Amino acid sequence: MLDIKYLRDNLDTVKENLSRQKSNADFSVFSALESRRRELLGATELLKAEKNRVSALIGKTKDKSQVRGEIERMKEVSNEIKRLDEELKRVESELQDFLLQLPNPTEEGCPLGCGEEENAEVRHWGAPKQYSFSPRPHWEIGENLGILDFERAGKLTGARFALYRGAGARLERALINFMLDLHTQEHNYIEVIPPFMVNRETMTGTGQLPKFESDLFHTDDPDYFLIPTAEVPLTNIHRGEILAGDDLPCYFTAYTPCFRKEAGSYGKDVRGLIRLHQFNKVEMVKYCIPEESGEELQKLLANAEEVLKRLELPYRVIDLCCGDIGFAAARTFDIEVWLPGQGAYREISSCSNCRDFQARRANIRFRRTPQDKPEFVHTLNGSGLAVGRTLVAILENYQQEDGSVVIPEALRPYMNGMTVIKN
RNA sequence: GGAGAGGUGGCCGAGAGGCCGAAGGCGCUCGCCUGCUAAGCGAGUGUACGGGUUAUACUGUACCGAGGGUUCGAAUCCCUCCCUCUCCGCCA
């Protein structure tokens with residue numbers, strides 16, 4: 001969410017920035033609401049001052065018959081205050097709705113552009129391997145090895161769910177442990193197991209609500225949502241809190257399943273593990289002081305890249321352009337892993353600096369010293385990594401002509417020493 | 001799910017229609033005192049949004065879990081909801 005004062009004073013800058021992001025917000029509505037709000041606030045405060053003054057006077061007067069007229073007059077003043085307050089409340093909630101719908105302006109330095117085509121490659125690591133045979137897609141490899149079963153998952157639930165079995169399930173679990181160990185033991189993250197369902201306030205804090213409710217799985221009673229990413233609970237851990245300066249930066253990592261409706265993606269990635277309603281992810285979230293968030297984003301990105309380096313999977317890093325960047329982010333780098341079965345790089349991590357956008361929504365602040373005024377923290381998040389897609393990358397990159405799959409060295413200690421998955 | 005007790009400043013805790021932004025204590029800040037430490041003494045100490053000032057001072061409004069209601073006036077009375085604790089039931 002944007003600071004209303006900042007927006008008021010920098011209307012044109014914000015308008016210009018957001019116009020690069022396909023936002024069609026109508027700022028004339030904002031200006032009208034804002035001036036009405038100030039008008040009402042002034043009027044109602046004036047009346048309240050009058051009411052407080054006269055009421056105190058009435059209180060001090062022993063003989064109430066002397067102030068009968070004042071009491072009658074205050075009755076009317078009270079009614080008028082009530083009327084103004086009701087309108088004020090309406091205007092404020094409309095303003096709030098407007099602000100909550102506005103995306104985060106993008107950072108200076110973001111590539112300009114409207115869509116995927118204008119994203120910029122920052123670097124790449126490793127080279128796609130040459131195969132003496134035609135590499136198969138992971139769903140064929142997995143089904144042939146009996147470690148992935150999409151048909152039965154469909155029976156149990158429906159399309160876009162997966163059942164892992166035997167070495168497949170073990171491999172997924174190995175990846176989770178491998179990633180968590182790396183981030184906790186070498187990258188200084190605190191491991192967390194958060195709730196997988198959260199309430200409306202939490203979803204609003206990170207920006208999923210109110211705009212993207214249709215992407216979320218929801219329970220009616222109670223009114224909860226399944227998390228679409230651990231970013232949601234992790235970033236909301238300190239919602240409504242004021243942190244001490246020495247608590248920052250603070251790093252959290254968590255493994256969680258993620259639930260997404262994937263509405264509007266019919267026909268896209270219908271086979272395999274790439275796009276599911278439920279998938280596993282290890283997430284990293286940081287809180288830091290404003291002037292350090294740029295550097296923290298680079299470190300976060302490096303932490304995610306390290307996973308792929310250790311698994312020896314070729315990847316590239318993409319700097320998302322203004323038009324492709326997500327709602328809450330000011331800057332985003334995606335990591336795309338090479339998938340031989342598809343002959344393409346596919347997203348496996350997305351690392352974002354949300355600056356104070358989520359902190360303002362979720363009211364997460366800090367004091368530099370105990371005497372200082374609270375300021376909003378900056379929040380960052382990144383996948384480290386999407387576990388299912390990492391398993392996809394392993395199956396496709398480590399496949400052999402006979403259909404077996406070699407286990408990357410780094411994972412073998414997590415696989416009880418297993419070196420290859422074969423029939 | 002049933003019964004009961006609660007939610008007040010950074011923390012503890014009093015207040016039970018007007019003199020309450022809220023006693024007292026702890027903590028914290030500043031000053032004094034003191035070989036050091038501890039103790040002691042004095043003063044100050046919430047947030048948000050406005051007005052005002054070069055800046056202070058000063059000043060208006062709101063905030064006692066949340067939202068409604070009664071009243072000239074609500075932390076205080078009434079209603080609804082949320083949360084915490086204790087006991088019972090159920091359960092991994």
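None of the values given here were measured: they were computed from a predicted structure. Just so it is clear: chains get the letters A, B, ... in the order the sequence lines come, proteins before strands, and each one is counted from 1.
One finds a salt bridge joining A:Glu70 and A:Arg73 here, because a Lys/Arg side-chain nitrogen approaches an Asp/Glu carboxylate oxygen to under 4.0 Å. A:Glu296 and A:Lys286 are joined by a salt bridge, as a carboxylate oxygen and a charged side-chain nitrogen come within less than 4.0 angstrom of each other. For A:Glu336 and A:Arg389, the salt-bridge test fails: no basic side-chain N is under 4.0 Å from an acidic carboxylate O. At a threshold of 4.0 Å, the pair A:Lys82-A:Glu86 does not count as salt-bridged, since none of the basic side-chain nitrogens sits closer than that to a carboxylate oxygen. Ionic pairing of A:Glu87 and A:Arg36 is present here: one or more N-O contacts between side-chain nitrogen and carboxylate oxygen are shorter than 4.0 angstrom.
Taking the P atoms as reference points, B:G21 lies 13 Å from B:U76, given to the whole Å. On the C1' atoms, B:G46 is 15 Å away from B:C20, given to the nearest whole Å. Spacing of P atoms, B:C26 relative to B:A43, comes out at 14 Å, to the nearest Å. A distance of about 6 Å separates the P atoms of B:G65 and B:U8, rounded to the whole Å. Atom name C1', nucleotides B:G7 and B:G67: the rounded distance is 16 Å, in whole Å. Annotation: B:G42 and B:U47 have their P atoms spaced 26 Å apart (nearest Å). If you take atom C1' in B:C78 and the same atom in B:C85, they sit 25 Å apart, rounded to whole Å. Separating the C1' atom of B:G44 from that of B:C49 is a span of 25 Å, rounded to the nearest Å.
B:G89 makes up no base pair with any nucleotide shown, lacking Watson-Crick or G-U wobble contacts both under 3.5 Å. When both pairing distances are held under 3.5 Å, B:C49 makes a Watson-Crick or G-U pair with B:G60. With a 3.5 Å ceiling on both atom-pair distances, B:U37 lacks any Watson-Crick or G-U wobble partner. The nucleotide B:U54 finds no pairing partner, because no Watson-Crick or G-U wobble arrangement with both distances shorter than 3.5 Å includes it. Nucleotide B:A43 forms a Watson-Crick or G-U wobble pair with B:U29, both donor-acceptor distances falling under 3.5 Å. Across the strands present, B:A14 finds no partner; the criterion is a Watson-Crick or G-U wobble pair with both atom distances under 3.5 angstrom. Summarising the base pairing, B:C77 is matched to B:G69 through a Watson-Crick or G-U wobble pair whose two defining distances lie under 3.5 Å. The partner of B:C19, taking Watson-Crick or G-U wobble pairs whose two distances both stay under 3.5 Å, does not exist in any strand shown.
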**Request:** Would you check, one step at a time, whether the test salt bridge (Lys or Arg N to Asp or Glu O under 4.0 Å) holds for A:Glu143 with A:Arg165?
**Result:** CA-CA 10 Å; A:Glu143 283 174 332; A:Arg165 182 179 195 127; over 6 Å; no

Does the ring pair (Phe, Tyr, Trp, His ring centres under 6.0 Å) test come out yes or no for A:Phe212 and A:Phe327, once each step is laid out? CA-CA 10 Å; A:Phe212 305 104; A:Phe327 180 76; 5.2 Å; yes

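The interatomic distance linking A:Asp3 (CG) with B:C49 (C1') rounds to 12 Å, in whole Å. When rounded to the nearest whole Å, the span between CG of A:Asn199 and P of B:C81 equals 18 Å. When the C1' atom of B:G18 is taken as reference, atom CG of A:Leu57 falls 11 Å away, rounded to whole Å.
The shortest non-hydrogen separation linking A:Ala386 to A:Lys281 is CA-CG, 4.1 Å. Smallest separation of non-hydrogen atoms from A:Asn353 and A:Gly294: ND2-N, 4.0 Å.
For the segment residues 234-243 of chain A, the set of residues with a heavy atom within less than 4.0 Å of an atom of RNA chain B is empty. Taken residue by residue, residues 33-43 of chain A places no heavy atom nearer than 4.0 Å to RNA chain B.
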Per-nt protein contacts along nucleotides 59-75 of chain B (heavy atom under 4.0 Å; B base, S backbone sugar-phosphate only, - none) come out as -BBS----SS-S-BS--

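Residues A:Tyr251 and A:Tyr287 place their aromatic rings such that the two centres sit no closer than 6.0 Å. Here the two rings, on A:Phe161 and A:His277, have centers that are under 6.0 Å apart. Taking the six-membered ring for Trp, A:Phe225 and A:Phe217 have ring centres at least 6.0 Å apart. In summary, the aromatic rings of A:Phe376 and A:Phe357 are positioned with their centroids too far apart to meet the 6.0 Å limit.
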